[in-house]
Protein chains: 2
Amino acid sequence: MNIYDVSEKAGVSIATVSRVINGNSKVSEKTKQKVLRVMEELGYTPNVFARGLGLNTMKTIGIMCADSSDPFLANAVYYLERELRKNGYDSFLCCTGYELKNKQNYLKLLLSKRIDALVIVGSYFLEANTKDNTYIMEAADEVPIMLMNGNLNKPNIYCTLCDDHQAVYDATSLLLNQGKKDILFLYTSKSYSSIQKLNGFKAALMDKLHTLKEENIHICPATIEGTRDLLLHLSMNGLKFNAVIAAEDILGVGAIKYAKLKGLSIPEDLSIIGYNNSLLATCCEPELTSVDNHVETLSITTVNTLMRVLNNQKAPNKTTISNDLVERYTTNF
Amino acid sequence: MNIYDVSEKAGVSIATVSRVINGNSKVSEKTKQKVLRVMEELGYTPNVFARGLGLNTMKTIGIMCADSSDPFLANAVYYLERELRKNGYDSFLCCTGYELKNKQNYLKLLLSKRIDALVIVGSYFLEANTKDNTYIMEAADEVPIMLMNGNLNKPNIYCTLCDDHQAVYDATSLLLNQGKKDILFLYTSKSYSSIQKLNGFKAALMDKLHTLKEENIHICPATIEGTRDLLLHLSMNGLKFNAVIAAEDILGVGAIKYAKLKGLSIPEDLSIIGYNNSLLATCCEPELTSVDNHVETLSITTVNTLMRVLNNQKAPNKTTISNDLVERYTTNF
DNA sequence: TTGTAGGCGTTATCAG
DNA sequence: CTGATAACGCCTACAA
């Protein structure tokens with residue numbers, strides 16, 4: 001079943017059928033209807049491969065992320081897919097895991113599929129070491145690259161991110177203002193956005209306290225138990241703290257579990273602020289105060305920018321979105 | 001840059017280059033090495049469209065689910081993608097939302113992309129009304145269809161599901177055995193697996209109690225607050241219950257929130273059992289006893305079966321996986 | 001407004 | 001083992 005079958009049955013040439021399919025050039029209303037009717041009858045669908053071969057595009061966007069089962073990334077993937085589809089694009093999803101080597105291989109694979117653009121859902125994707133990101137830079141020579149929550153400065157790379165620095169700066173300041181000076185900062189990896197958060201934390205401390213204890217900053221396993229145990233361990237070793245800022249909600253939940261185990265009352269003995277405002281934040285007890293970084297807005301903005309790029313319109317290389325604190329019961333501002 | 005460039009530079013015909021690329025037919029070691037070297041030098045990658053055009057396949061599997069941001073589905077998507085890629089297949093992800101009309105449209109779209117097979121992540125996907133599933137049945141005429149947590153009996157449809165009936169039967173029995181007779185059953189939709197769970201619930205009640213109260217069975221919004229409020233409402237209307245079986249963890253968490261609001265102690269006044277053993281189950285307080293339905297095993301099995309189908313090996317039309325109860329602190333068996 | 005014919009980059013079938 | 005050549009199905013000048 002192909003365009004020839006349709007053209008034959010409709011008594012026109014394949015060119016005319018093609019015109020009807022693509023709807024741009026002029027075709028008389030009468031023939032158009034006839035062709036449409038035949039296509040309907042035959043249940044004809046254009047072959048995307050043949051079409052792709054000529055046009056060298058299949059209207060497909062690659063999406064890469066480390067792990068689509070992470071609640072934040074899962075949301076991002078969901079919204080991205082939805083928005084892309086609204087614009088007539090499909091998406092190839094590709095979860096790479098956390099190893100650089102795999103990320104590089106998957107990127108190559110995706111490019112070989114002739115995707116029209118690549119969306120990288122940052123957070124865990126960008127390496128702290130700049131050199132390790134050259135493979136992304138190089139890919140930008142082939143297709144536009146959209147970075148969600150990441151920042152690389154190069155033509156054809158478009159970044160959409162939330163102002164993590166500011167958000168953590170503000171959160172930290174709120175705690176400091178109410179006299180909570182022994183604040184722990186927990187994060188899971190040296191991703192771009194983690195570094196931003198960390199810097200926001202440090203900046204607030206320096207501004208208000210003019211001092212900074214490195215022993216209050218910890219990389220932490222991305223699990224509830226792991227976080228709980230780390231805090232337990234730190235506390236046993238004599239570290240004093242009365243607040244925790246977590247770079248992810250799951251770490252915040254871990255901190256709650258720690259407080260419970262130690263019989264600390266929240267937020268009096270221990271204030272806790274999470275990040276992402278995910279489902280986890282409303283699930284725990286007490287419910288977690290968390291920074292909402294607007295995944296949906298972030299995703300929509302990313303796709304909108306991408307569409308501008310693909311349509312050869314001017315598009316900003318960097319878009320920053322502000323985020324806000326959703327206060328629940330692990331703080332009392 | 002195409003196969004001609006390579007053939008010219010290597011001094012062989014395009015046929016030979018093609019053979020080297022595909023590695024099946026016999027090529028002398030010497031020419032093979034020469035061709036490989038040239039391909040490397042030129043950085044040549046075969047054009048997937050041209051290839052697809054000839055072979056009429058692009059080694060791509062469609063994945064449909066209602067909402068990839070649902071924790072259970074997010075996990076399923078993650079594992080499916082990983083397993084498919086291991087087998088050299090890419091995946092098109094497609095989140096349809098919950099409306100039948102959209103599901104139908106997306107399915108058509110996916111088929112028009114010439115996917116090699118379709119994986120439908122069931123749960124919310126199958127309609128209670130059999131007629132509403134005919135579009136899936138029809139699709140099975142075109143490509144193999146894998147149903148995860150769904151059941152449709154037709155050639156070329158392969159179902160992988162967990163024994164939800166048994167799991168809920170067992171859970172209910174445990175509660176009954178310890179004298180908890182007023183058990184509420186909460187679920188969110190009339191999906192195939194929901195019905196299985198419900199039937200398991202009913203069967204256990206009939207077997208042990210020889211009676212069944214319809215007012216103890218409720219469809220419930222899939223949110224924490226929605227569940228909490230529903231229970232509050234039921235209780236205010238005089239309904240007595242001392243246990244809740246939830247068809248999803250999130251409903252279980254809602255029940256916990258309800259208990260907290262009412263000052264009930266868990267599990268003494270109210271026992272709660274969730275379903276899916278998702279992150280939510282360890283996040284709440286007390287942690288939720290939950291049925292683990294082994295998403296990972298389910299996903300792996302689905303892909304393994306699919307690979308058999310695609311390789312024309314015999315494959316079972318229905319595979320059932322058992323699941324087990326993970327006891328935490330919302331029950332005391 | 002419509003039709004013809006060439007090209008897109010592979011793979012596969014034949015001969016050699 | 002290797003090479004020429006015909007598909008594969010569509011799009012798009014160019015011609016009519």
Side-chain angles (χ1 to χ4, degrees), chain A residues 1-39 42-60 88 90 109 111-116 142, chain B residues 1-60 88 90 109 111-116 142-143 310:
Chain A
M1 156 81 61
N2 57 29
I3 203 170
Y4 286 93
D5 299 325
V6 178
S7 78
E8 192 174 336
K9 189 151 182 184
V12 298
S13 74
I14 61 160
T16 300
V17 178
S18 176
R19 289 189 187 99
V20 171
I21 294 170
N22 296 292
N24 24 22
S25 350
K26 299 257 160 255
V27 182
S28 80
E29 191 57 28
K30 203 175 125 197
T31 38
K32 184 173 164 183
Q33 289 308 327
K34 189 169 54 185
V35 171
L36 284 173
R37 198 166 48 244
V38 172
M39 295 204 308
L42 263 48
Y44 164 78
T45 326
N47 181 312
V48 284
F49 300 141
R51 186 177 255 174
L53 184 55
L55 303 177
N56 203 34
T57 160
M58 228 172 78
K59 300 265 259 174
T60 302
D90 285 311
L109 195 88
L111 287 179
S112 79
K113 298 289 176 181
R114 313 275 161 147
I115 51 176
D116 297 317
E142 305 199 30
Chain B
M1 159 80 61
N2 59 29
I3 203 168
Y4 285 93
D5 300 324
V6 178
S7 80
E8 193 174 333
K9 189 151 182 185
V12 297
S13 73
I14 61 161
T16 301
V17 178
S18 177
R19 284 193 267 263
V20 171
I21 294 170
N22 296 291
N24 24 23
S25 357
K26 296 261 160 252
V27 182
S28 80
E29 192 56 28
K30 204 177 123 197
T31 38
K32 184 173 165 184
Q33 288 309 326
K34 189 168 54 184
V35 171
L36 284 174
R37 199 166 47 245
V38 172
M39 295 204 308
E40 177 73 17
E41 273 174 41
L42 264 48
Y44 164 78
T45 328
N47 182 310
V48 285
F49 300 139
R51 187 177 255 174
L53 182 55
L55 302 177
N56 202 34
T57 160
M58 228 173 76
K59 300 264 262 175
T60 302
D90 286 310
L109 196 87
L111 288 179
S112 79
K113 298 290 174 179
R114 313 276 160 149
I115 50 175
D116 297 315
E142 305 198 30
V143 292
L310 292 176

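Naming: A, B, ... by sequence-line order, numbering from 1 per chain. Everything numeric here is computed off the predicted structure, so don't read it as measured data.
Of all heavy-atom pairs between A:Leu42 and A:Met1, the closest is O-CE, 3.1 Å. A:Lys113 and B:Asp90 get closest at one heavy-atom pair: CE-OD2, 2.5 Å. For A:Ser7 against A:Ser13, the heavy-atom pair with the smallest separation is CB-C, 3.6 Å. Among all heavy-atom pairs drawn from B:Val6 and B:Tyr44, the shortest one is CG2-CG, 3.7 Å. Across all their heavy atoms, B:Tyr4 and B:Ile14 have their closest contact at CD2-CG2, 3.5 Å.
What separates NZ of B:Lys32 from P of D:dT2 is a distance of 12 Å, to the nearest Å. Atom NZ in A:Lys26 sits about 12 Å away from atom P in C:dT2, given to the nearest Å. Rounded to a whole Å, the CG atom of B:Asn56 is 17 Å from the P atom of D:dA7.
Contact annotation: B:Thr31 side-chain N/O to D:dC1 OP1/OP2 distance is not under 4.0 Å. The shortest distance between the side-chain N/O atoms of A:Ser13 and the OP1/OP2 oxygens of C:dT4 is not below 4.0 Å.
Each of A:Gln33, A:Met39, A:Arg37 was evaluated against A:Val35; a single residue qualifies, A:Met39, per the side-chain contact (heavy atoms from CB on, under 4.5 Å) test.
An end-to-end axis angle of 40° holds for the helix from C:dT1-D:dA16 to C:dG16-D:dC1, taken from five base pairs per end and rounded to 10°.
Side chains of B:Asn47 and B:Asn2 form no contact here, defined as non-hydrogen atoms less than 4.5 Å apart.
Remark: B:Lys34 engages no residue in a side-chain hydrogen bond (donor to acceptor under 3.5 Å, both in side chains) (not counting sequence neighbours).
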* Asked: For every nucleotide of nucleotides 7-16 of chain C, 5' to 3': is a protein heavy atom under 4.0 Å from its base (B), only from its sugar-phosphate (S), or from neither (-)?
  -> -BBBBB----

